[in-house]
Amino acid sequence: QVQLVESGGGLVQAGGSLRLSCAPSGRTFSSNDMGWFRQAPGKEREFVAAISRNGGSTYYADSVKGRITISRDNAKNTVYLQMNSLKPEDTAVYYCAARVNGGSYYSQRAYGYWGQGTQVTVSS
């Protein structure tokens, strides 16, 4: 069974940092573009960042650009989301996803595999 497992979430103070990890099981996703999305209470799930299958290209939401870095280590079958200078508005459940469909990197429709999410809470 294919599964995406996120980890690294937690409670941090504003200005702090966290590194989220996505470690798929059941298969390798080295041939897939990968993305991170998040969903805050009362809000729609939104795009955060994406990375191409070989790591050569990255994409970021304007709200996180400059503070967040997505990376991947295909040898470890792991995708990372390094988050710095965190703000209370970054509080959300963060989801890892694997892109399998055509379309924009920014669109949820392009992603076919999703993890259960990891909670990130940033206190003011």
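Both backbone and side-chain heavy atoms feed into the values below; hydrogens, waters and symmetry mates do not.
- No donor-acceptor pair closer than 3.5 Å links the side chain of Q13 to the backbone N or O of S123.
- In terms of heavy atoms, S52 sits closest to D33 at CA-OD1, 3.2 Å.
- The backbone N or O of R53 sits nowhere less than 3.5 Å from a side-chain atom of R99 that would complete a donor-acceptor pair.
- At distances below 3.5 Å, at least one donor-acceptor pair connects side-chain atoms of R67 with backbone N or O atoms of S85.
- Of the possible donor and acceptor atoms, one in the side chain of N77 sits under 3.5 Å from a partner among the backbone N and O of F29.
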Assess whether side chain to side chain contact (heavy atoms under 4.5 Å, CB included) is satisfied between E89 and V122, documenting all intermediate values. CA-CA 8 Å; E89 51 262 44; V122 184; over 6 Å; no
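- Cluster annotation: Y80 is not connected to L18 through the hydrophobic network of ILVMFWY side chains, with a link wherever side-chain heavy atoms come within less than 4.5 Å.
- Between the N101 side chain and the R109 main chain, a donor and an acceptor come within less than 3.5 Å of each other.
- A98 and N32 get closest at one heavy-atom pair: CB-CB, 4.4 Å.
- Contact record, I70 with T58: CG2-CG2, 3.8 Å, taken as the closest heavy-atom pair.
- In this structure, T78 contributes its side chain and K76 its backbone to a donor-acceptor pair below 3.5 Å.
- Here C22 contributes atom SG and R72 contributes atom CZ; the two are 9.5 Å apart, rounded to the nearest 0.5 Å.
- Judged by distance alone, the side chain of T118 and the main-chain N or O of Y94 form no donor-acceptor pair under 3.5 Å.
- When the salt bridge (charged side-chain N to carboxylate O under 4.0 Å, His left out) test is applied to K65, the partners found at least two apart in sequence or on another chain are D62.
- Pairing each heavy atom of A14 with each of S124, the nearest pair is CB-CA, 4.4 Å.
- Cation-pi check for R27 over Y113 is met; the charged atom lies under 6.0 angstrom from the ring centroid and within 45 degrees of its normal.
- With sequence neighbours excluded, the residues satisfying salt bridge (charged side-chain N to carboxylate O under 4.0 Å, His left out) with R38 are E46, D90.
- Hydrophobic clustering (ILVMFWY, side-chain heavy atoms < 4.5 Å, transitive): M83 and L11 are in distinct clusters.
- When atom types are taken as modelled, the side chain of E6 and the backbone of C96 share a donor-acceptor pair closer than 3.5 angstrom.
- Here the side chain of Q116 pairs no donor or acceptor atom with the backbone of V5 at under 3.5 angstrom.
- A pairwise comparison of heavy atoms in T91 and A40 identifies O-CB, 3.5 Å as the closest pair.
- Taking 4.5 Å as the limit, some side-chain heavy atom of L4 sits within range of a side-chain heavy atom of M34.
- Within the hydrophobic cluster formed by Ile, Leu, Val, Met, Phe, Trp and Tyr side chains joined at under 4.5 Å, directly or through other members, F37 is accompanied by F47, Y59, V93, Y95, Y105, Y106, Y111, W114.
- Taken to the nearest 0.5 Å, the CG atom of N74 stands 8.0 Å off from the CG atom of N54.
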